[in-house]
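Fair warning: this is a prediction, and the values are worked out from it, not measured in the lab. Below, all heavy atoms of this structure are taken into account, side chains as well, without hydrogens, waters or symmetry copies.
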Amino acid sequence: MKNHFFLLWVLTLTGFLTARSEITLPSIIGSNMVLQQKSKVPLWGKARPHATVRVTTSWDHGMISTVAAADSSWKVLVKTPAAGGPFTITLEEGTGKLAAGSASSGKKLVLTNVLIGEVWVCSGQSNMEMPVKGFKNQPVLHSNELLLDAGNPEIRLFRLERGLSRKGETDCKATPWEEANALSVKEFSAVGYQYAKALQEKLKVPVGVIMPTWGGTVIEAWMDKNSLAAFPEIKIPSPTDTSKINKNEPTVLFNAMINPLIGYGIKGVIWYQGEQNRVNPRIYDRLMAAMVKEWRTLWNGGDWPFYYVQIAPYAYNDTLGPAAPLREAQARALPQIPHSGMVVSLDAGEEHSIHPADKTTISRRLVCWALANTYGWSGLAYESPVYHSMKVVKDAVLISFDNTPNGLTSFGKPIAAFEVAGEDRIFYPAKAKITGAGITVQSDSVRTPVAVRYGYKDWVTGDLYNTEGLPVAPFRTDSW
């Protein structure tokens, strides 16, 4: 009798184990997620070694099968339709050979409330990290109004926890995909959320946004070892190093917060970072170009768009270095990165806060880049005016700009951000006048001008725009 009950227990346990699905998924793949529309998007995870994994999607009732590798990993490519949903995705582990009729484990993993739409990554340091609720004693403009209007199931948010690693991780800790509501939005990037909100309203499709951010971090930490290979002066930590990790070590944020996302179907990336790299502006442009190139290569998704924000004006009072050369490096990066765009923030800073409250202006300028340059909206201005050339006429300098098809304006306010220098290389405040060809600047202190600067300081208020309201990018005509 004892043997009989023991055998019954073994059979029951065996049946339970057989019925239990061994499929596990990374954090980025789950219920409530958004998948990039009109694409072949990867889904991946773990199963029992050599087990059959079947993936069935409710939008076409199609089934895709694959076999888990010896290390338990599996991946399939799923074809997505035009935007819509909600849908379900059913994952099932089978046994035997790869065939539609092979035996099933009987246990299914079902992902629900899945939408098809547009997916973007928002990454960088603290000005991208700053949540809608703001930081302690540092508000976000119109925060409560944003939360009042936050309920929108067509917007989905995925927020990573901070993580560090000296080796590439395959998964990350994160708040699972959530629908946009006051509770989820208040903790999410103010720039990233408002970007998603505007895209969803304009495109009328679901939008998902993924948030890997960490304040006070250098770009080298967001890069992998391959993208840093061209910079021998940058020491890459060993994966076997067991000493305490610093968030600004090269590769450690990439390993923990970007590598687990690689391959997930996305439309593009928005980026707001650079304050911490004021120590090395001479190479920052090449670092950012190398980072984007390697991310795109690893994603294997083509040259998806990369839109970024110049660092905000602020009275920096530290030893990292001035801000103007870093903004200059960000401008140099633009032609080095295909399908990129730069948002100028010279008029949206605060003298005594490195985290300016106005995140709406920044997010809307990013949206203009996306709508015009990625989604093909015609007639929408998105590029800030940039310096083109100068001509000295007696004691005045004539400055011309690109991206000013309808001219320039200061919206009736004085133009105070120009400076002029002579042969002595001493810059003096200059008076500026808008002309049909651009700007004329001169200073009573400089009889023979040789160089002009605009907004080339840590703290400055940009006061010159094209007539569409996009601010002139800071520049200098000298190289002193």
Side-chain angles (χ1 to χ4, degrees), residues 26-29 42 44 71 73 75 119-125 128-129 158-174 210-277 279-280 282-308 329-330 333 336-340:
S27 300
I28 188 65
I29 298 173
W44 68 93
D71 67 353
S73 64
K75 182 170 75 171
V119 182
W120 288 79
V121 172
C122 64
S123 188
Q125 58 182 106
M128 184 65 85
E129 183 180 38
F158 184 84
R159 177 167 51 92
L160 281 80
E161 295 181 17
R162 291 173 170 181
L164 298 169
S165 180
R166 292 193 175 109
K167 63 181 181 65
E169 302 294 341
T170 58
D171 202 0
C172 58
K173 292 183 179 180
I210 300 165
M211 178 188 164
T213 59
W214 194 331
T217 55
V218 295
I219 196 171
E220 295 93 324
W222 295 100
M223 300 170 67
D224 81 330
K225 62 181 182 180
N226 291 331
S227 57
L228 289 169
F231 304 91
E233 67 272 33
I234 297 173
K235 184 179 179 181
I236 300 172
S238 170
T240 60
D241 187 346
T242 58
S243 62
K244 185 177 179 180
I245 302 180
N246 181 284
K247 67 180 181 180
N248 281 319
E249 286 183 32
T251 76
V252 295
L253 297 180
F254 171 87
N255 291 334
M257 300 178 71
I258 299 298
N259 199 64
L261 309 176
I262 286 175
Y264 191 87
I266 64 172
K267 188 69 173 184
V269 172
I270 57 174
W271 176 257
Y272 196 167
Q273 186 276 336
E275 292 92 345
Q276 208 69 18
N277 280 97
V279 295
N280 56 356
R282 289 181 300 167
I283 64 170
Y284 183 84
D285 56 322
R286 294 191 295 116
L287 287 169
M288 185 158 67
M291 181 190 78
V292 175
K293 183 179 180 180
E294 184 66 10
W295 282 19
R296 287 170 171 169
T297 298
L298 292 170
W299 243 278
N300 195 28
D303 284 351
W304 36 246
F306 180 83
Y307 302 132
Y308 62 96
Q330 290 176 308
Q336 298 179 48
I337 305 173
H339 304 291
S340 66

Colleague: For residues Phe254 and Leu298, determine if any side-chain heavy atom of one lies less than 4.5 Å from a side-chain heavy atom of the other.
Modeller: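 Answer yes - side chains close enough.
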
Colleague: Provide the closest heavy-atom pair for Thr217 versus Gln273 in the form atom of the first, atom of the second, distance.
Modeller: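 Nearest heavy atoms, Thr217 then Gln273: O-NE2, 3.0 Å.
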
Colleague: Just verifying a value: how many Å separate Asn259 CG and Cys172 SG, rounded to the nearest 0.5 Å?
Modeller: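 Between Asn259 CG and Cys172 SG, I get 10.0 Å after rounding to 0.5 Å.
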
Colleague: What do the steps show when you test Val121 against Phe306 for side chain to side chain contact (heavy atoms under 4.5 Å, CB included), and what is the final call?
Modeller: CA-CA 10 Å; Val121 172; Phe306 180 83; over 6 Å; no

Colleague: Do you know which two heavy atoms are closest between Ser123 and Trp295, and how far apart they sit?
Modeller: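 Scanning both residues completely, I find the closest heavy atoms to be OG-CH2, 4.3 Å.
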
Colleague: Nearest 0.5 angstrom please: Lys244 NZ to Glu249 CD, how far?
Modeller: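 One gets 11.0 Å once the value is rounded to the nearest 0.5 Å.
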
Colleague: Is the side chain of Asn277 donor-acceptor paired with the backbone N or O of Asn280 at a distance under 3.5 Å, no angle test?
Modeller: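 Checked: no pair found.
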
Colleague: Would you mind reporting whether Leu261 and Trp299 have side-chain heavy atoms less than 4.5 Å apart?
Modeller: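 Sidechains of Leu261 and Trp299: in contact.
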
Colleague: Taking C-beta and beyond as the side chain, do Arg296 and Ile337 meet within less than 4.5 Å on heavy atoms?
Modeller: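 Yes, at least one pair of side-chain atoms sits under 4.5 Å.
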
Colleague: Would one find more than 12 heavy atoms of other residues, nucleotides or ligands at under 6.0 Å from atom NZ of Lys247?
Modeller: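 Atom NZ in Lys247 is crowded, with more than 12 foreign heavy atoms closer than 6.0 Å.
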
Colleague: CD of Glu294 to CG of Asn226: how many Å apart, nearest 0.5 Å?
Modeller: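 Atom-to-atom, Glu294:CD and Asn226:CG are 4.5 Å apart.
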
Colleague: Anything under 30° is parallel, anything over 60° is perpendicular, the rest tilted; go ahead and classify Trp120 against Tyr307.
Modeller: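 Geometry flag for Tyr307 against Trp120: parallel rings.
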
Colleague: Just wondering, do Leu287 and Leu228 contact through their side chains at under 4.5 Å, heavy atoms?
Modeller: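 Yes, their side chains come closer than 4.5 Å.
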
Colleague: So, do Arg166 and Val252 sit near enough that their side-chain heavy atoms are less than 4.5 Å apart?
Modeller: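 Side-chain contact under 4.5 Å: yes.
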
Colleague: Within a strict 4.5 Å, meaning less than it, do heavy atoms of the Trp271 and Met288 side chains meet?
Modeller: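 Yes; the side chains approach each other to less than 4.5 Å.
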
Colleague: Could you state the interatomic distance from CE (Met211) to CE (Met257), rounded to the nearest 0.5 Å?
Modeller: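 Here the interatomic distance stands at 8.0 Å.
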
Colleague: Which heavy-atom pair separates Phe158 from Leu160 by the least distance, and what is that distance?
Modeller: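 Scanning both residues, the minimum pair turns out to be CE2-CD1, 3.6 Å.
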
Colleague: Glu129 side chain to Gly215 main-chain N or O, any donor-acceptor pair under 3.5 Å?
Modeller: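 Checking the backbone N and O of Gly215 against the side chain of Glu129, a donor-acceptor pair under 3.5 Å is found.
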
Colleague: Hey, could you give me the CD/CG distance between Gln125 and Leu253, rounded to the nearest 0.5 Å?
Modeller: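 The CG atom of Leu253 is 10.5 Å from CD of Gln125, to the nearest 0.5 Å.
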
Colleague: On a heavy-atom basis, which atom in Gln330 and which in Tyr308 lie closest, and how many Å separate them?
Modeller: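 Result for this residue pair: O-OH, 2.6 Å.
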
Colleague: Counting only heavy atoms not in Asn300, do more than 12 sit closer than 6.0 Å to its CG atom?
Modeller: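 No, not enclosed.
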
Colleague: Would you compute the distance between atom CG of Asp303 and atom OG1 of Thr297 and round it to the nearest 0.5 angstrom?
Modeller: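 Here the interatomic distance stands at 8.5 Å.
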
Colleague: A side-chain contact here means heavy atoms from C-beta on lying under 4.5 Å apart; do Met128 and Ile270 qualify?
Modeller: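 They are in side-chain contact.
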
Colleague: What heavy-atom pair brings Asn255 and Pro260 nearest, and what distance separates the two atoms?
Modeller: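 Of all heavy-atom pairs spanning Asn255 and Pro260, the closest is O-CD, 3.7 Å.
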
Colleague: Between Thr170 and Pro26, is there a side-chain heavy-atom distance shorter than 4.5 Å?
Modeller: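 Side chain of Pro26 against side chain of Thr170, heavy atoms only: no contact under 4.5 Å found.
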
Colleague: If you take all heavy atoms of Cys122 and Thr213, which pair is closest and at what distance?
Modeller: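 What the structure gives for the nearest pair is O-CG2, 3.8 Å.
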
